[in-house]
Amino acid sequence: MPPKAAPVVIDLKFNPDEVTAALADAFPGRDVVNRADPAQAGRDLAQARYAVVWKSQPDLFARAPNLAAVFSGGAGVDHVLTLPGLPDVPLVRFVDPTLTTRMSEWVVLQCLLHLRQHGRYAGQAQRGAWAELPQPEARDLTVGVMGLGVLGQDAARKLQTLGFTVTGWSRRKKTLDGIETYDERGLDAFLARTDILVGLLPLTAETRGLYDATLFAKLSRKGPFGAPVFINAGRGGSQVEADIIAALRSGGLHGASLDVFSTEPLEADSPLWTLPNCIVTPHAAAASDVKALFRHVEAQIERHEAGLPFEHLVDRTAGY
Ligand code: NDP
Ligand code: OXD
C-alpha cells in the first residue's frame, strides 16, 4: 500500500461556496478538512500536516498540533502572524499571476481615475454640466510606489507603460529599468518628487501608521493638481485615517483611493465614504483566486515532499 498522503486543513474566511467548488478538484489523494463546512466542524485535525489559512478560527493550532507548514490564503501575512499558537514551521505566502494582475489593474485604474479627473466629471454629469477640464498627461505626473515587491514592481512597470514617470521605494534598493528607485534612507527624496503615492507595503512594526500628516506634508506640490494623491492597497494599519480625512478637507491631499482600512469593514459613519475625490473599495483590489491558491499550495507541498525548499517563504523577523 502506498503511504497515506499527509492531510490538509483548510481554514479560510472566504466565500464558502467558492472554497467548496475549488476543493472539488484540489489536493487529489489527500484527506482534506474544510473548516468552513459545518458538517466537518467536529473532525479531528491532529494528523493534519498542512494548513491553508485566512483569518482562521482561533483554535486552529491548538487542534492541529502536527503541522509541517502554514500557507497564507493571501499575499499578506499580518493576519497569520498574530494568530494564537502559530507554530514555528515554515510560513508560505500566496504569490500568483492572478493576484498580481488584479492588483496592477486596480492601481492603474486608480491612477487613471485621478489623472483624468473622473470624480469631477462624475459630479458634473450628475448636474448635467457640460464642461471640459484640463488634461495633463501621464508623463506630467510622477507616481511613487512604496513597496517594490511582487505587486509593487508589476504595478510600477504597467504604470510606466502608460507613460507615467514612475519611482519606487523599498527597504533594500531595487534595480528596475527606467524606474528611479530609493532604499529606506531615501524616503524624503522619494516623497519630494511624488505626485501620486501608491502604497503597496505589508503591515509590519515599521510600516504601521506610516502614511500620516508628516509624510503627506513631504509629498510634491509641483504636480498638475498642486496637491498630491494618495492611493493605498497595502494595509489599512499603515495609514492614519484621521490625517487622510484632514488632508482631503484642507486640500493637503488632492484625492485618495483606499482599498484597505484600519477597521474593516470601514465604519458606516466614516467621512471617507463621502469626501469628494476619495474613492473607497472594500478590500477588493486583488482577491485571491481560490483555485489558483490551491494549485499554488499543491505545488509547494509537492516541492517540500520532494525535498526541495518552499518558495515565497515569509521572514518572520521582518514580518512579511
Ligand atoms: P512583497 O513581500 O513581495 O513586497 C513587499 C515590499 O515592501 C518589498 O519591496 C519590501 O522591501 C517593502 N517593504 C517592507 N517593509 C518595508 C519597510 N519597512 N520599508 C520599506 N519597504 C518595505 O509583498 P507583495 O508585493 O506581494 O504584497 C504587498 C502587500 O500588499 C501585502 O503584504 C498585503 O498587505 C497587500 N495586499 C493587498 C491586497 C488587497 O486586495 N488590498 C491583495 C494582496 C496583497 P524589500 O523589497 O526591500 O524587502
Ligand atoms: C492579501 C489580501 O494579502 O487580499 O492577499 O489582502
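These numbers were taken from a predicted model, which means no experiment stands behind them. Excluded from the calculations below are hydrogen atoms, water molecules and symmetry mates; all remaining heavy atoms, backbone and side chain alike, are included. Atoms within each ligand, like the ligands themselves, are counted from 1 in listed order.
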>> Among all the protein's non-hydrogen atoms, which is closest to atom 38 (C) of ligand 1, and how far away is it?
In response: Met103 CE, 3.3 Å
>> Polar contacts were defined as any N/O atom of the residue lying under 3.5 Å from an N/O atom of the ligand; does this apply to Gly76 and ligand 2?
In response: yes
> Side chain, backbone, both or neither: which part of Phe14 has a heavy atom under 4.0 Å from ligand 2?
Replying inline: neither
> Looking at atom 19 (N) of ligand 1, what's its closest protein heavy atom, distance included?
Replying inline: Trp169 CH2, 3.3 Å
> Among all protein non-hydrogen atoms, which one is nearest to atom 1 (C) of ligand 2, and what is the separation to 0.1 Å?
Replying inline: Ala75 N, 3.4 Å
> Taking Gln40 for the side chain and Asn34 for the main chain, is one N or O donor matched with an acceptor at less than 3.5 Å?
Replying inline: yes
> Which atoms of ligand 2 sit under 4.0 Å from any heavy atom of Ala286?
Replying inline: 4 (O)
>> Please determine whether any non-hydrogen atom of Gly234 lies less than 4.0 Å from an atom of ligand 1.
In response: yes
> Could you walk me through whether Asp78 and Arg235 pass the salt bridge (Lys or Arg N to Asp or Glu O under 4.0 Å) check?
Replying inline: CA-CA 9 Å; Asp78 46 301; Arg235 282 290 181 266; 2.9 Å; yes
>> Before you tell me yes or no, could you show the steps for Glu305 and Arg30 under salt bridge (Lys or Arg N to Asp or Glu O under 4.0 Å), namely the whole-Å CA-CA distance, both residues' side-chain angles and the distance that decides it to 0.1 Å?
In response: CA-CA 13 Å; Glu305 294 183 348; Arg30 270 179 214 281; 2.9 Å; yes
> Is there any N or O on His283 that sits under 3.5 Å from an N or O of ligand 2?
Replying inline: yes
>> What protein heavy atom lies closest to atom 41 (N) of ligand 1? Include the residue and the distance to one decimal.
In response: Asp259 OD2, 2.8 Å
> Quick one: nearest non-hydrogen protein atom to atom 12 (C) of ligand 1, plus distance?
Replying inline: Leu201 CD2, 3.7 Å
> Considering only heavy atoms, which of Leu258, Leu151, Leu200 lies nearest to atom 24 (P) of ligand 1?
Replying inline: Leu151
> Does an N or O anywhere in Val150 fall below 3.5 Å from an N or O of ligand 1?
Replying inline: yes
>> Could you tell me, atom by atom, which parts of ligand 1 come under 4.0 Å of a heavy atom of His283?
In response: 39 (C), 40 (O), 41 (N)
>> In this structure, does ligand 1 have an atom that sits under 4.0 Å from one of the heavy atoms of Trp106?
In response: no
> What residue and atom, counting heavy atoms only, is the protein's closest point to atom 18 (N) of ligand 1, and at what distance?
Replying inline: Glu206 CB, 3.5 Å
>> Under 4.0 Å between a side-chain nitrogen and a carboxylate oxygen: does that hold for Glu184 and Lys173?
In response: no
>> Testing the basics here: between Ala68 and His304, what is the closest heavy-atom pair and its distance to 0.1 Å?
In response: CB-NE2, 4.4 Å
> Contact between Lys174 and ligand 1, counting heavy atoms under 4.0 Å?
Replying inline: yes
> Minimum heavy-atom separation for Val290 to Glu18, with atom names?
Replying inline: CG2-OE1, 3.8 Å
> Strictly under 6.0 Å, is that where the ring centroids of Phe94 and Phe71 end up?
Replying inline: no
>> With heavy-atom distances below 4.0 Å as the criterion, list the atoms of ligand 1 near Ala233.
In response: 35 (C), 36 (N), 37 (C), 38 (C), 39 (C), 41 (N)
> Taking the minimum heavy-atom distance to atom 5 (C) of ligand 1, which of Gly152, Ala318, Pro202 ranks first?
Replying inline: Pro202
> Which residue holds the protein heavy atom closest to atom 15 (N) of ligand 1, what is that atom called, and what is the gap in Å?
Replying inline: Tyr320 CE2, 3.7 Å
>> Distance under 4.0 Å to a non-hydrogen atom of Val260: what atoms of ligand 1 satisfy this?
In response: 41 (N)
> Counting only N and O atoms by type, is there a donor-acceptor contact under 3.5 Å from the side chain of Ser72 to the main-chain atoms of Gly76?
Replying inline: yes
>> Does any N or O of ligand 1 fall below 3.5 Å from an N or O anywhere on Arg171, backbone included?
In response: yes
> Strictly under 4.0 Å, does any heavy atom of Arg235 approach an atom of ligand 2?
Replying inline: yes
>> Is the contact between Arg172 and ligand 1 made by the side chain, the backbone, both, or neither, using heavy atoms and a 4.0 Å cut-off?
In response: both
> Looking only at heavy atoms, is any part of Ser72 under 4.0 Å from ligand 2, and if so is it the side chain, the backbone, or both, or is it neither?
Replying inline: neither
>> Between Arg43 and Asp31 (salt bridge meaning N to carboxylate O under 4.0 Å), is one present in this structure?
In response: yes
> Can you tell me if Leu203 has a non-hydrogen atom under 4.0 Å from ligand 1?
Replying inline: no
> Any idea how Trp54 and His79 line up, ring-wise: parallel (<30°), tilted (30 to 60°), or perpendicular (>60°)?
Replying inline: tilted
> Can you find an N/O atom of Ala287 closer than 3.5 Å to an N/O atom of ligand 1?
Replying inline: no
> Would you say Arg116 has more than 12 foreign heavy atoms packed within less than 6.0 Å of its CZ?
Replying inline: no
> Would you find more than 12 non-hydrogen atoms of other residues, nucleotides or ligands less than 6.0 Å from Arg102 atom CZ?
Replying inline: yes
> Which pair of heavy atoms, one from Pro84 and one from Phe61, lies closest together, and at what distance?
Replying inline: O-CD1, 3.4 Å
>> Tell me the protein heavy atom at minimum distance from atom 8 (C) of ligand 1, and give that distance in Å.
In response: Gly149 N, 3.7 Å
> Salt-bridged, Arg185 to Asp183, with N to O below 4.0 Å?
Replying inline: yes
>> Considering both backbone and side-chain atoms of Ala286, is one of its nitrogen or oxygen atoms within less than 3.5 Å of a nitrogen or oxygen in ligand 1?
In response: yes
>> What's the separation between atom NZ in Lys158 and atom SG in Cys111, rounded to the nearest 0.5 Å?
In response: 13.5 Å
> If you measure from atom 26 (O) of ligand 1 to every heavy atom of His312, Arg235, His79, Arg93, which option wins on shortest distance?
Replying inline: Arg93
> Taking distance alone, with no angle check, do Leu99 and ligand 2 share an N/O pair under 3.5 Å?
Replying inline: no
>> Would you say the rings of Phe216 and Phe230 are close, in the sense that their centroids are separated by under 6.0 Å?
In response: yes
> Under the ring-ring contact (aromatic ring centres under 6.0 Å, His included) test, which residues partner His114, sequence neighbours left out?
Replying inline: none
